[in-house]
> 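Mind having a look at this structure? Questions to follow.
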Amino acid sequence: MNEIPANPTSGTNEPAIGEDKSLLARIITRLRNSIGMASDTSLRESLEDVIEQHETEAGAISPEERSMLLNILDFGELRVDDVMVPRADIIAIEDTAALEQIISVFQQAGHSRLPVYHETLDDPLGMVHIKDLFSWMAAAGSARVKKNGKNGNGKSAHEETPSIDLSRIDLTLPLSEISLKREVLYVPPSMPAADLLVKMQASHIHLAIVVDEYGGTDGLVSIEDLVEEIVGEIEDEHDTQDGPLIHPNNDGSYTADARVLIEDLEQLLGVDLTNEHDEDIDTLGGMVFSLAGRIPLRGELIAHECGLEFEVLEVDPRRIGKVRISSTKKPEL
């Protein structure tokens with residue numbers, strides 16, 4: 001049997017990695033060299049260099065692979081509050097909700113898990129999984145139906161077969177009287193996202209409530225939210241395609257979703273919308289809220305010092321939905 005040539009730099013019978021031009025081999029080589037590298041060069045930067053160089057020199061790594069590898073490096077720096085669904089966007093059900101209401105919320109939300117709370121979101125109790133709901137309904141509506149037939153002797157016989165009769169289910173039963181609640185995790189917003197992913201894998205609990213320093217609900221994170229930070233947006237057959245967050249109108253104005261990022265809006269319109277006091281504001285809705293000092297009314301006009309005017313088109317008691325953006329200067333946008 002032929003022996004594998006020893007790696008002269010390692011003193012062991014490992015393959016000579018320096019001769020292997022694969023991306024994995026180059027990363028391993030860089031990891032080895034990183035152990036004693038100067039303090040002004042980080043391991044992260046070193047790995048990013050390997051990925052970039054491999055793409056440039058060999059062209060063997062696809063854009064999707066490159067994006068995923070870089071996302072993995074970025075994932076290590078994310079906190080829970082970077083990936084969580086904010087409180088205003090949480091879809092949840094109260095523990096007093098009737099079964100028919102729970103079914104309706106599941107149908108409208110398109111989620112497989114829904115948080116359960118008592119009176120307010122600041123008192124979360126757990127979650128309901130749609131799989132448990134269907135299992136309970138199947139058990140509650142189960143019945144045995146007699147079916148006429150003949151036995152082996154040719155004589156008449158009655159055979160009972162299982163069946164589900166949905167009319168047997170009391171849809172007015174409140175959730176509090178049905179054993180459907182599962183546990184959720186409770187985590188602080190400062191927790192590293194990678195630590196939460198490991199905790200979800202170990203506990204088999206795939207939904208976490210983010211609580212602030214006062215014990216109130218700050219947001220929500222599912223295991224899908226974490227995985228999407230690495231592999232990109234995950235869509236299934238129940239997801240609907242949202243239109244663009246901002247689109248132009250015939251009169252020169254724009255209609256924008258309040259979720260559109262300020263930096264994208266600034267790039268599109270060629271204006272500066274933020275100052276040193278607004279550095280923590282990321283979205284159009286947050287900026288309009290800051291300008292108004294409150295949740296504005298539908299149809300309200302709010303002016304910006306850069307020469308733009310924002311008309312609130314859609315709003316509810318918790319957040320702004322859509323905004324019309326027009327210019328108070330000439331020429332128009």
Side-chain angles (χ1 to χ4, degrees), residues 71 74-75 77-95 97 102 104-130 181-201 203-236 238-243 245 256-262 264 280-287 289 295 314-322:
N71 285 345
D74 291 335
F75 187 69
E77 298 184 350
L78 294 177
R79 305 189 336 165
V80 163
D81 54 1
D82 293 321
V83 301
M84 72 179 186
V85 175
R87 178 188 176 110
D89 293 335
I90 294 177
I91 301 176
I93 50 177
E94 194 169 0
D95 59 341
I102 299 172
S104 177
V105 174
F106 265 117
Q107 188 272 330
Q108 294 175 19
H111 300 320
S112 59
R113 305 174 186 87
L114 290 176
V116 179
Y117 64 91
H118 178 66
E119 294 186 350
T120 73
L121 281 174
D122 291 325
D123 189 10
L125 302 177
M127 71 172 178
V128 173
H129 198 295
I130 194 169
K181 291 195 300 293
R182 291 192 185 192
E183 293 183 4
V184 294
L185 299 174
Y186 298 95
V187 299
S190 60
M191 182 180 188
D195 289 354
L196 177 56
L197 180 58
V198 171
K199 190 171 184 178
M200 285 182 169
Q201 289 175 306
S203 64
H204 303 288
I205 300 175
H206 294 170
L207 194 72
I209 301 295
V210 185
V211 293
D212 59 26
E213 57 184 315
Y214 304 106
T217 297
D218 204 18
L220 176 148
V221 180
S222 69
I223 195 169
E224 183 182 58
D225 296 325
L226 298 173
V227 173
E228 285 184 338
E229 291 295 327
I230 299 174
V231 303
E233 192 74 18
I234 300 175
E235 295 184 351
D236 59 26
H238 301 293
D239 290 328
T240 57
Q241 292 289 337
D242 292 332
L245 293 181
D257 190 293
R259 297 172 297 169
V260 69
L261 295 177
I262 291 295
D264 294 340
D280 294 332
I281 298 176
D282 299 320
T283 65
L284 171 61
M287 186 189 65
F289 175 84
I295 296 290
E314 294 180 9
V315 66
D316 62 33
R318 298 183 302 169
R319 58 181 175 176
I320 302 169
K322 288 189 182 299

> If the condition is side chain to side chain contact (heavy atoms under 4.5 Å, CB included), which residues does Val184 pass it with, not counting sequence neighbours?
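Partners of Val184 by the side chain to side chain contact (heavy atoms under 4.5 Å, CB included) criterion, ordered by chain and then number, come out as Met127, Tyr186, Leu207, Ile209.
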> Side-chain contact test, heavy atoms from C-beta onward, threshold under 4.5 Å: evaluate it for Lys199 versus Leu185 and give yes or no.
yes
> Crowded around Glu183 CD? As in, over 12 foreign heavy atoms under 6.0 Å?
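No, not enclosed.
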> Can you confirm whether Pro115 sits close enough to Leu220 that some side-chain heavy atom of one is under 4.5 Å from a side-chain heavy atom of the other?
yes
> Looking just at side-chain N and O atoms, do His118 and Asp123 make a donor-acceptor pair shorter than 3.5 Å?
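No, no side-chain donor-acceptor contact under 3.5 Å.
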> Among residues at least two apart in sequence or on other chains, which ones pass side chain to side chain contact (heavy atoms under 4.5 Å, CB included) with Ala258?
Ile320
> How close do Arg79 and Ser190 get, counting heavy atoms only, and between which atoms?
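Smallest heavy-atom distance, with atoms named: NH1-CB, 3.5 Å.
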> Under the side-chain contact (heavy atoms from CB on, under 4.5 Å) rule, what do Leu284 and Arg259 come out as? Steps first, then yes or no, please.
CA-CA 6 Å; Leu284 171 61; Arg259 297 172 297 169; over 6 Å; no
> Report yes if some heavy atom in the side chain of Thr283 is under 4.5 Å from a heavy atom in the side chain of Val260; otherwise report no.
no
> I want to check something: taking the side chain as every heavy atom from C-beta on, are Glu224 and His206 in contact at a cut-off of under 4.5 Å?
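No, too far: nothing below the 4.5 Å cut-off.
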> Say you draw a straight line from NZ of Lys181 to CG of Asp95; how long is it, rounded to the nearest 0.5 Å?
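The NZ atom of Lys181 sits 6.5 Å away from the CG atom of Asp95.
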> Please check: side-chain N/O of Glu94 versus main-chain N/O of Glu119, any donor-acceptor pairing under 3.5 Å?
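Checked: pair present.
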> Answer whether the closest heavy-atom distance between the side chains of Lys322 and Asp257 falls below 4.5 Å.
yes
> Which residues pass the side-chain hydrogen bond (donor to acceptor under 3.5 Å, both in side chains) test with Asp195, sequence neighbours left out?
none
> Does the side chain of Ser112 come within less than 4.5 Å of His129's, by heavy atoms?
yes
> Could you list the residues that satisfy side chain to side chain contact (heavy atoms under 4.5 Å, CB included) with Phe106, not counting sequence neighbours?
Ile102, Leu114, Val128, Ile130, Leu133
> Who passes side-chain hydrogen bond (donor to acceptor under 3.5 Å, both in side chains) against Asp218, sequence neighbours left out?
none
> Which residues pass the side-chain hydrogen bond (donor to acceptor under 3.5 Å, both in side chains) test with Ser203, not counting sequence neighbours?
none
> Quick one: salt bridge (Lys or Arg N to Asp or Glu O under 4.0 Å) partners of Asp225, sequence neighbours excluded?
none
> Could you measure the distance from the NE2 atom of His111 to the OG atom of Ser222? Nearest 0.5 Å is fine.
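Here the interatomic distance stands at 8.5 Å.
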> State which residue, out of Ile223, Val221, Val210, fulfils the side-chain contact (heavy atoms from CB on, under 4.5 Å) condition with Leu196.
Val221
> Is the backbone of Gly215 close enough, under 3.5 Å, to the side chain of Asp212 for a donor and an acceptor to pair up by distance?
yes
> Assess the residue pair Tyr117 and Leu125 against the criterion (side-chain contact (heavy atoms from CB on, under 4.5 Å)); give the C-alpha distance rounded to whole Å, side-chain angles, the decisive distance to 0.1 Å, and a yes or no.
CA-CA 5 Å; Tyr117 64 91; Leu125 302 177; 5.7 Å; no
> Quick one: list whatever passes salt bridge (Lys or Arg N to Asp or Glu O under 4.0 Å) with Arg87, sequence neighbours left out.
Asp122
> Could you work out, with side chain to side chain contact (heavy atoms under 4.5 Å, CB included) as the rule, every residue matching Ala193, not counting sequence neighbours?
Phe75, Leu78, Leu226
> Can you sort out the partners of Thr217 under side-chain hydrogen bond (donor to acceptor under 3.5 Å, both in side chains), two or more places apart, ordered by chain and number?
none
> Give the minimum heavy-atom separation between Met84 and Gly219, together with the two atoms involved.
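Heavy atoms only, the tightest pair is SD-CA, 3.9 Å.
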